[in-house]
Amino acid sequence: MPRAKVSTVVLDAHDAHELADFYVRLLGYEVREDEPHWVLIGPPDGDGVSLAFETEPEYVRPVWPTRKPGDQQMMLHLDIQVDDLEGETARAVAEGAVLADFQPQDDVRVLFDPAGHPFCLWVRTEG
């Protein structure tokens, strides 16, 4: 059976460069490719999943949690493991993220990036 692995997750936004800059600051990633409407970033050591951002003029921010039929629903979200949930949440907010009003779990913080994509910071708990 052929071996396949996810190498990159692509997120659309009104401004690919703005969103890429946010994730570079948040994750400590570096820019690998930079084009007028496309940016690819990845871990400095090259190990792990890369993120790419594409400018989409018709981009519509998702709504999470979904409030009513017809809202643009979240299609995916990023789970980012951290060691210090409160400290990394504060840092993410300082970098431009917004803390979601609804927080479904004690060991997870749901935030929105500058383009409105939800992402989760989480810490491994014993048990």
Side-chain donor or acceptor of Y59 paired with backbone N/O of A115 under 3.5 Å: yes

Nearest heavy-atom neighbours spanning V49 and V6: CG2-O, 4.0 Å

Within the 6.0 Å centroid threshold, strictly below: F22 and H117: no

Pair R109 + E86: basic N to acidic O under 4.0 Å: yes

P62 to G116 - nearest heavy-atom pair and separation: CG-O, 3.5 Å

Point-to-point distance, once rounded to the nearest 0.5 Å, from CG of L111 to CD of E88: 11.0 Å

Hydrophobic cluster membership, V9 vs L121, 4.5 Å side-chain cutoff: yes

Gap separating the CG atom of L19 from the CG atom of L11, nearest 0.5 angstrom: 6.0 Å

Side chain to side chain, H14 and E56, heavy atoms closer than 4.5 Å: no

Distance (rounded to the nearest 0.5 Å) between L27 CG and L51 CG: 6.5 Å

Contact check, side chains of C120 and Q81, non-hydrogen atoms, under 4.5 Å: no

T8 vs L40 side-chain heavy atoms within contact, under 4.5 Å: yes

Nearest non-hydrogen partners of V63 and P65, listed with the distance: CG1-O, 3.5 Å

From D79 atom CG to W122 atom CH2, the distance as rounded to the nearest 0.5 Å: 7.5 Å

Side-chain heavy-atom pair V10, W38 within 4.5 angstrom cut-off: yes

Sequence neighbours excluded, every pair satisfying salt bridge (Lys or Arg N to Asp or Glu O under 4.0 Å) that has a member inside residues 8-25: R25-E95

Closest non-hydrogen atom pair between D34 and V31, with its separation: CB-CG1, 4.0 Å

F112 ring center within less than 6.0 Å of F119 ring center: no

Exam field: side chain T55 to backbone A16, donor-acceptor pair closer than 3.5 Å: yes

Spacing of OH belonging to Y23 relative to CD1 belonging to I80, to within rounding of 0.5 Å: 6.0 Å

Nearest non-hydrogen partners of Q103 and V108, listed with the distance: OE1-O, 3.6 Å

Enclosure of D45 CG (heavy-atom neighbours >12, cutoff 6.0 Å): yes

Non-hydrogen atoms of I41 and S50 that approach each other most closely: O-CB, 3.2 Å

Main-chain N/O of H37 paired with E35 side-chain donor or acceptor, under 3.5 Å: no

